[in-house]
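Below is one structure, written out as structure tokens; the observations come after it.
Naming: A, B, ... by sequence-line order, numbering from 1 per chain. As the structure is a computational prediction, the values presented were derived from the model and not from experiment. In what follows, every heavy atom counts, from backbone to side chain, and hydrogens, waters and symmetry copies are set aside.
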2 protein chains.
Amino acid sequence: MARHRCGQTCPVATNPPSNAAIPAAAAIPAVAVSVDVVLLTLRSGRLCVLVSQRATEPFCGSWALPGGFVAADEDLDSSARRQLAEETGVTTTGHLEQLRTYGCPHRDPRTRVVSVAYLALLPNLPQPTTGRDGQHARWWPVEDLGSADGPTLAFDHPQIVADGVERARGKLEYTPLAAAFCEEPFTLADLRRVYEAAWGVVLDPPNFRRKVLSTPGFVVAVGQRSSPRGGGRPAELYRLGSATALHPPLLRRSV
Amino acid sequence: MARHRCGQTCPVATNPPSNAAIPAAAAIPAVAVSVDVVLLTLRSGRLCVLVSQRATEPFCGSWALPGGFVAADEDLDSSARRQLAEETGVTTTGHLEQLRTYGCPHRDPRTRVVSVAYLALLPNLPQPTTGRDGQHARWWPVEDLGSADGPTLAFDHPQIVADGVERARGKLEYTPLAAAFCEEPFTLADLRRVYEAAWGVVLDPPNFRRKVLSTPGFVVAVGQRSSPRGGGRPAELYRLGSATALHPPLLRRSV
DNA sequence: ACAAAAGTGTTCCCCTTACACCCATGT
DNA sequence: ACATGGGTGTAAGGGGAACACTTTTGT
């Protein structure tokens with residue numbers, strides 16, 4: 001047992017590190033690692049993110065992403081799922097992916113916190129999401145975030161949300177990710193509305209239909225029809241297929 | 001001053017945490033944060049990654065990515081640049097971007113290490129890269145990594161390299177990233193060979209030329225011509241332009 | 001009957017592709 | 001002269017955009 005490069009005692013090799021680019025006598029800095037989740041959903045045609053209001057300093061009264069510290073023997077992905085479950089009650093069957101890591105030294109004014117951000121996509125949840133401490137959590141349309149009547153986000157969470165939204169928007173182009181916003185089975189109109197809400201555009205229904213169906217395995221017909229709400233021909237119902245990529249992609253108008 | 005959620009004393013609020021999803025009495029686990037860099041370049045038409053041979057346990061004799069621990073007051077990006085400079089002598093003017101964070105609890109057998117991986121792209125370096133400790137560092141063609149006569153990579157570095165290579169390959173499609181592999185000024189053939197090496201395809205020179213030049217700001221002519229090596233008409237020389245994205249993208253053949 | 005939404009057909013146009021051909025230089 | 005690589009021209013085919021039109025439901 002010895003004290004070496006990792007700054008802790010553990011039962012393996014004791015040679016000085018040759019592969020780590022740190023000064024020989026330097027201690028490994030203490031860093032707290034947290035996970036923050038950008039949870040996006042669609043509510044009445046608007047892309048929304050889940051945030052909860054902070055009751056403590058710093059940033060008391062501001063809104064923050066669900067998140068918390070990674071446990072000792074916990075994988076990062078598992079931690080993200082746990083934070084989501086504890087703070088929203090969602091045992092996610094939806095999409096969850098790592099987004100990016102934020103490690104600016106003073107992003108948390110108290111101590112060094114490196115935060116691994118995740119992106120989660122879910123269909124609209126029927127029940128209002130309540131934090132495990134009963135804290136005030138709510139959905140905010142992402143387009144309201146910069147505006148005057150929108151929420152003030154804590155820490156560097158504005159940047160994290162912006163990165164998450166941009167990732168989601170971009171991935172809609174070349175992955176079947178849009179289905180993560182829909183409850184199965186869904187109609188092609190449901191799927192189209194995901195793109196329209198996320199990109200802020202209007203898509204031509206006939207062309208969208210052909211495009212989606214032309215990619216084998218994007219969606220598969222379930223053999224039933226939806227009950228129309230308020231007139232109109234019933235739509236066929238689909239489930240997400242096994243395709244992992246869209247070829248060719250469904251590109252946004254110029255960027 | 002008080003002991004609170006971040007596990008350290010600091011001069012701000014003392015209320016119990018309401019926004020962090022950790023058990024009230026739990027200590028913040030000690031985690032070491034490191035940065036590993038996937039440095040890619042092109043050598044004689046092959047995409048290569050820089051690795052250095054470990055001289056200590058664990059994984060003594062295996063090859064590892066350049067990397068090291070993040071310093072106390074150091075930004076993640078700065079840390080990546082520092083590791084690169086210390087281990088390869090490169091003061092990167094090339095491309096550097098965050099790749100992904102790897103935090104599996106036992107990815108390092110000694111202690112918990114969360115590693116933020118970076119992707120760096122550089123033109124072929126004339127001098128052989130030597131580590132700051134004189135350690136054995138060399139380029140390996142990425143296609144040799146899985147093979148029998150290729151190197152054995154330490155830790156989860158095979159996964160990190162694979163992710164980095166895939167990121168680079170994908171980003172060539174819709175960003176001007178290929179120019180990061182070329183020393184300026186470069187010819188369009190140089191640029192084309194980047195795509196051919198990275199994707200393992202053969203591209204039609206006339207069509208490639210039109211495609212590249214049709215995106216305004218991808219490359220700009222410098223008004224000179226290259227001296228041909230071994231016959232052939234001299235090519236026009238270009239520099240990277242100001243465009244940040246390719247519209248429409250230069251797509252790979254089906255995936 | 002009318003409105004509304006789903007779905008089909010059709011045309012135009014741009015981009016990609018493939019390949020023939022010309023240009024400029026080294027040997 | 002010939003090989004080599006840079007660069008231009010051009011015709012065929014695929015996919016996207018736009019929109020007319022048909023189908024099926026609710027009111």
Next item on the list: Could you tell me which non-hydrogen atom of B:Leu39 sits nearest to which non-hydrogen atom of B:Trp139, and how far apart they are?
Entry: O-CZ3, 3.5 Å

Next item on the list: Please name all residues satisfying side-chain hydrogen bond (donor to acceptor under 3.5 Å, both in side chains) with B:Thr41, sequence neighbours left out, ordered by chain then number.
Entry: none

Next item on the list: Could you name each residue pair satisfying side chain to side chain donor-acceptor pair (under 3.5 Å) that touches residues 217-236 of chain B, not counting sequence neighbours?
Entry: none

Next item on the list: Could you check which residues of residues 193-208 of chain A get a heavy atom under 4.0 Å from DNA chain D? Sort them by number, please.
Entry: A:Asp204, A:Pro206, A:Asn207

Next item on the list: Would you confirm whether B:Arg167, through its side chain, and B:Leu99, through its main-chain N or O, come within 3.5 Å as a donor-acceptor pair?
Entry: yes

Next item on the list: Mind checking salt bridge (Lys or Arg N to Asp or Glu O under 4.0 Å) for B:Lys211 and listing every partner two or more places apart, or none if nothing turns up?
Entry: none

Next item on the list: Please determine, for the side chain of B:Pro248, which listed nucleotide (C:dC15, C:dG7, C:dC19) has the closest atom?
Entry: C:dC15

Note to self: In this structure, how many angstroms lie between the P atom of D:dG15 and the CZ atom of A:Arg209, rounded?
What the structure shows: 18 Å

Check: Can you name the residues that form a salt bridge (Lys or Arg N to Asp or Glu O under 4.0 Å) with B:Glu196, not counting sequence neighbours?
Finding: B:Arg192

Checklist line | Partner residues of A:Leu213 under the side chain to side chain contact (heavy atoms under 4.5 Å, CB included) criterion, sequence neighbours left out | finding: A:Leu188, A:Arg209, A:Val219, A:Tyr238

Item checked: Atom-to-atom span, CG of A:Leu213 to P of C:dG7 - whole angstrom -> 9 Å

Notebook entry, point to check: Can you find a donor-acceptor pair, distance only, under 3.5 Å between B:Arg229 side chain and D:dG5 base?
Noted result: no

Next item on the list: Could you list the residues that satisfy salt bridge (Lys or Arg N to Asp or Glu O under 4.0 Å) with A:Asp77, not counting sequence neighbours?
Entry: none

Notebook entry, point to check: What nucleotide, of C:dC15, C:dA18, D:dC19, holds the atom closest to the side chain of A:Arg210?
Noted result: D:dC19

Margin query: Does anything in residues 185-192 of chain B come within less than 4.0 Å of DNA chain D? Heavy atoms only, and list the residues if so.
Written below: B:Ala189, B:Arg192

Item checked: Any residue of residues 232-241 of chain B with a heavy atom less than 4.0 Å from an atom of DNA chain C -> B:Gly232, B:Arg233, B:Pro234

Checklist line | Residue list, salt bridge (Lys or Arg N to Asp or Glu O under 4.0 Å) with A:Arg100, at least two apart or on another chain | finding: none

Next item on the list: Look at the rings of A:His157 and A:Phe155 and say which category their plane angle falls in: under 30° parallel, 30 to 60° tilted, over 60° perpendicular.
Entry: tilted

Item checked: Inter- and intrachain pairs under salt bridge (Lys or Arg N to Asp or Glu O under 4.0 Å), touching residues 149-158 of chain B, at least two apart -> B:Arg107-B:Asp156

Item checked: Contact summary for B:Arg239 and B:Phe186, nearest pair of heavy atoms -> C-CZ, 3.9 Å

Next item on the list: Take the protein atom NZ of B:Lys211 and the nucleotide atom C1' of C:dT17, then report the distance between them rounded to whole Å.
Entry: 12 Å

Note to self: Strictly distance-based, threshold 3.5 Å: is any side-chain N or O of B:Thr187 a donor or acceptor partner for the main-chain N or O of B:Asp190?
What the structure shows: yes

Next item on the list: Have a look at the helix from C:dA1-D:dT27 to C:dT27-D:dA1 and give the angle its two end axes make, five pairs each, rounded to 10 degrees.
Entry: 0°

